Asker: 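Here it is, the structure, as structure tokens.
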Amino acid sequence: MANDPMELVSELQAGIGKVQSESPELTAAFIQMDQAAYVEGELERKHKELIGIGIAVAVRCEYCINLHIKQALEEGATREEILEAAAVAVAFGGSPAMAYVATSVMKALDTFE
């Protein structure tokens, strides 16, 4: 697995493209579910991206961490908001989550800001 945030996002997007060509039903269902989850409702998309960051850190998905930090920044989230969301994940995920905050989160922030 690459450690460069841009490479991770590109690798994820390319992989989803490959899955789409071989399993279009699965990919279509996933995309529909994902889009439905991020529709603005009572929560703005920015806040949903921050939730995504917290979950991504807690479950230690480096691809998800990078993608959701990139998208949160695009939605107007600040570095401080992202770090607060990541801090909540550390409360649930302990030392492993802190390791991802200290590495993946910080690197993604530095890359995508």
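This one's a predicted model, so the numbers in the text were calculated from it and none came from an experiment. The figures that follow rest on heavy atoms only: side chains count, while hydrogens, waters and symmetry mates do not.
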Asker: What pairs with Y38 under ring-ring contact (aromatic ring centres under 6.0 Å, His included), at least two apart in sequence or on another chain?
Answerer: H68

Asker: With a 4.5 Å heavy-atom cut-off, do V19 and F30 have their side chains touching?
Answerer: no

Asker: What distance separates C61 SG from L8 CG, expressed to the nearest 0.5 Å?
Answerer: 9.5 Å

Asker: Under 3.5 Å, side chain of K70 to main-chain N/O of F112, donor-acceptor pair present?
Answerer: no

Asker: Check whether any side-chain heavy atom of L109 lies under 4.5 Å from a side-chain heavy atom of V105, and answer yes or no.
Answerer: yes

Asker: For P96 versus R60, what's the shortest heavy-atom pair and its separation?
Answerer: CB-NH1, 2.7 Å

Asker: Does V88 belong to the same Ile/Leu/Val/Met/Phe/Trp/Tyr cluster as V57, with side-chain heavy atoms less than 4.5 Å apart forming each link?
Answerer: no

Asker: Checking K107 against D4 for the side-chain contact (heavy atoms from CB on, under 4.5 Å) test, could you report, in this order, the C-alpha distance in whole Å, the side-chain angles of both residues, the deciding distance, and whether it holds?
Answerer: CA-CA 8 Å; K107 193 181 294 184; D4 177 77; over 6 Å; no

Asker: So, do Q13 and I16 sit near enough that their side-chain heavy atoms are less than 4.5 Å apart?
Answerer: no

Asker: Can you tell me how far the CD atom of E42 sits from the NZ atom of K48, to the nearest 0.5 Å?
Answerer: 9.5 Å

Asker: To check you understand the geometry: which heavy-atom pair defines the closest contact between A89 and G54, and what is its length?
Answerer: CB-O, 3.1 Å

Asker: Please answer whether the main-chain N or O of K18 pairs with a side-chain N or O of S21 as donor and acceptor at a distance below 3.5 Å.
Answerer: yes

Asker: Closest approach of A85 and L50, non-hydrogen atoms and distance?
Answerer: CB-O, 3.5 Å

Asker: Within the 4.5 Å heavy-atom criterion, are E62 and N66 side-chain neighbours or not?
Answerer: yes

Asker: Can you name the nearest heavy-atom pair linking L73 to E113, along with the distance?
Answerer: CD1-N, 3.8 Å

Asker: What pair of heavy atoms forms the shortest contact from R79 to D110, and how long is it?
Answerer: NH2-OD1, 3.0 Å

Asker: What are the two closest non-hydrogen atoms of E40 and R45, and how far apart are they?
Answerer: CG-N, 3.4 Å

